[in-house]
Number of protein chains: 2
Amino acid sequence: MDLDPEMFDPVCPSGALPFQIGDKWTAMVVLCLEHGPRRFTELRVPLRAVTPKVLTSTLRAMERDGLVVRTAYPAHPPHVEYALTGLGRSLLTLIAAVRAWSGAHLPELLAARQAHDEAAMPLPAVAAAQPATRVSGSGPTGRGR
Amino acid sequence: MDLDPEMFDPVCPSGALPFQIGDKWTAMVVLCLEHGPRRFTELRVPLRAVTPKVLTSTLRAMERDGLVVRTAYPAHPPHVEYALTGLGRSLLTLIAAVRAWSGAHLPELLAARQAHDEAAMPLPAVAAAQPATRVSGSGPTGRGR
DNA sequence: CGGTATCCATCCTGATACTG
DNA sequence: CAGTATCAGGATGGATACCG
């Protein structure tokens, strides 16, 4: 009917963000830089001690996409600061929208997930206690990161 | 200064969406179902022939999270329809916000990326033609899905 | 039609250790 | 301090083939 085979841009599926922004750390880095520049080690604190390798690759990709600027002050010990660009700052409102959705709907999603999991895998003790109770559950559902 | 070590919820980093929603296909499935229920095979068309295995696991996870409902009509040949729930529909406005950001800023992001890549890796012919031109570029930048 | 079953290629992330 | 180098593990996405 109205499902167009070319409905989605192959470069940017669903008109969504280039995937980098949807990765594990980018949004968090943007939030960490919201109130001003931060240093490499400062960023690692709220990011639950993400390893330097991962933080480096995240920051490099963000720099490449014009979301942050890296400033190195020639000194010993080294001093490097990361700051949001205007483009990076523009993500703040979008991230706020995501957080608003989570605040409003995440509990419902989590409840649905829990109900689904419990229906598919009833407590063994209870299931065993009710001999003829039909289960009708579907197979293993597991997924979920 | 104000970077709180517990700034981010470990269950839902950055207050962002549970990761499933950020996966490769979920947002697209939501958009495909915007105007009414669709059948399994119908969904594969705009999704660029995603393999049945991947579409199945995406839909199962969405069902688990209460984003879609699956309805099977007992008939031959089989007839199964997927429809958005209220929760799934609530994602439409969020996805619209994402698309709006892309429309407004993606060109800028892509331009920054291209400029960065060209600066790091100038055309060999041009570079070779200018003997003493300093390059100063940083190392290999590659990433980018 | 609407899936499953296998196998496979990455990709991403992380732990650990070392350096200018 | 701000990274880089190496190695390893797991999850994701996909190709291909088969089934009720």
Side-chain angles (χ1 to χ4, degrees), chain A residues 3 8 10 13-14 16 18-29 32-33 37-45 47-63 68-83 138-145, chain B residues 3 8 10 13-14 18-29 32-33 37-45 47-64 68-83 138-145:
Chain A
L3 287 191
F8 298 111
S14 81
F19 264 62
Q20 167 60 25
I21 297 173
D23 78 354
K24 190 167 182 179
W25 303 107
T26 297
M28 280 182 271
V29 170
C32 288
L33 296 178
R38 292 286 182 268
R39 300 176 64 166
F40 189 87
T41 305
E42 285 182 291
L43 289 173
R44 293 190 62 194
V45 176
L47 298 181
R48 315 211 164 245
V50 59
T51 61
K53 175 195 162 191
V54 171
L55 182 55
T56 298
S57 78
T58 299
L59 288 168
R60 291 277 187 280
M62 292 177 72
E63 194 185 3
V68 301
V69 287
R70 176 183 184 276
T71 308
Y73 300 94
H76 291 281
H79 183 113
V80 177
E81 281 188 347
Y82 293 90
S138 17
T141 312
R143 213 186 173 220
R145 326 195 203 185
Chain B
L3 286 191
F8 298 112
S14 81
F19 264 62
Q20 168 59 25
I21 296 172
D23 77 354
K24 190 166 180 178
W25 302 106
T26 297
M28 280 183 269
V29 170
C32 288
L33 296 177
R38 292 286 183 268
R39 302 177 64 168
F40 189 87
T41 306
E42 285 182 290
L43 289 173
R44 294 190 62 196
V45 176
L47 299 180
R48 315 214 164 239
V50 58
T51 63
K53 176 199 161 189
V54 172
L55 181 55
T56 297
S57 76
T58 299
L59 288 168
R60 292 277 187 279
M62 292 177 74
E63 194 186 2
R64 176 181 179 235
V68 301
V69 287
R70 176 183 183 276
T71 308
Y73 299 95
H76 291 281
H79 183 112
V80 177
E81 281 188 347
Y82 293 89
S138 17
T141 312
R143 213 183 174 223
R145 327 197 202 185

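Because the structure is predicted, anything quoted here is derived from the model rather than measured.
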message: Here's a test of your reading of the structure: between A/E81 and B/P52, which maps to the more 5' nucleotide of DNA chain D?
response: A/E81
field: Which nucleotide in D/dC1, D/dT4, D/dG14 has an atom nearest any side-chain atom of B/V54
entry: D/dG14
- prompt: Hey, is the main chain of A/R39 close enough, under 3.5 Å, to the side chain of A/E42 for a donor-acceptor pair?
  reply: yes
message: Counting distance alone, no hydrogens or angles: does the base of D/dG3 have a donor or acceptor under 3.5 Å from a partner atom on the side chain of A/K53?
response: no
message: I want to verify a distance call: between C/dA15, D/dA2, C/dG3, whose nearest atom is closest to the B/F40 side chain?
response: C/dG3
task: Provide, to the nearest angstrom, the distance between the CG atom belonging to A/L59 and the C1' atom belonging to C/dC12.
output: 16 Å
- prompt: Is any side-chain nitrogen or oxygen of B/T41 closer than 4.0 Å to OP1 or OP2 of C/dC1?
  reply: no
query: When you measure from the side chain of A/T26 to the backbone N and O of A/D23, does any donor-acceptor pair fall under 3.5 Å?
result: no
message: On DNA chain C, does the nearest nucleotide to B/P78 precede the nearest nucleotide to B/T56 from the 5' side, or the other way round? Give the residue.
response: B/P78
query: Which nucleotide sits closest to the side chain of A/V80: D/dG3, D/dC1, D/dA17?
result: D/dG3
- prompt: Does a side-chain N or O from A/R39 land closer than 4.0 Å to OP1 or OP2 of D/dC1, or not?
  reply: no
- line: Rounded to whole Å, the OH-P distance (A/Y73 to D/dA2) equals 12 Å
message: Can you tell me if B/R60 touches the phosphate of C/dG3, counting only side-chain N or O atoms and a distance under 4.0 Å to OP1 or OP2?
response: yes
message: Please check: side-chain N/O of B/R70 versus main-chain N/O of B/Y82, any donor-acceptor pairing under 3.5 Å?
response: no
field: Closest to the A/D23 side chain, choosing from C/dG20, C/dT13, D/dT4
entry: C/dT13
task: Could you work out which one of C/dG3, D/dC1, C/dT13 sits closest to the side chain of B/R70?
output: C/dG3
- request: Would you mind reading off the distance between A/E63 atom CD and D/dA2 atom C1', rounded to a whole angstrom?
  value: 14 Å
- prompt: Taking the side chain as C-beta and beyond, is there a heavy-atom pair between A/L43 and A/V50 under 4.5 Å?
  reply: no
task: Figure out the CH2/P separation between A/W25 and C/dT13, and round it to whole Å.
output: 9 Å
field: N or O in side chain of B/Y82 less than 4.0 angstrom from C/dG3 OP1/OP2
entry: yes
- prompt: Less than 3.5 Å between a donor and an acceptor, one on the side chain of B/K24 and one on the base of D/dT12, is that the case here?
  reply: no
Min side-chain heavy-atom separation B/T71-B/V80 under 4.5 Å: no
- request: Between D/dG13, C/dT13, C/dT16, spot the one nearest the side chain of A/T51, thanks.
  value: C/dT16
message: Does B/H79 reach a base, just sugar-phosphate, or nothing at all? Heavy atoms under 4.0 Å.
response: sugar-phosphate
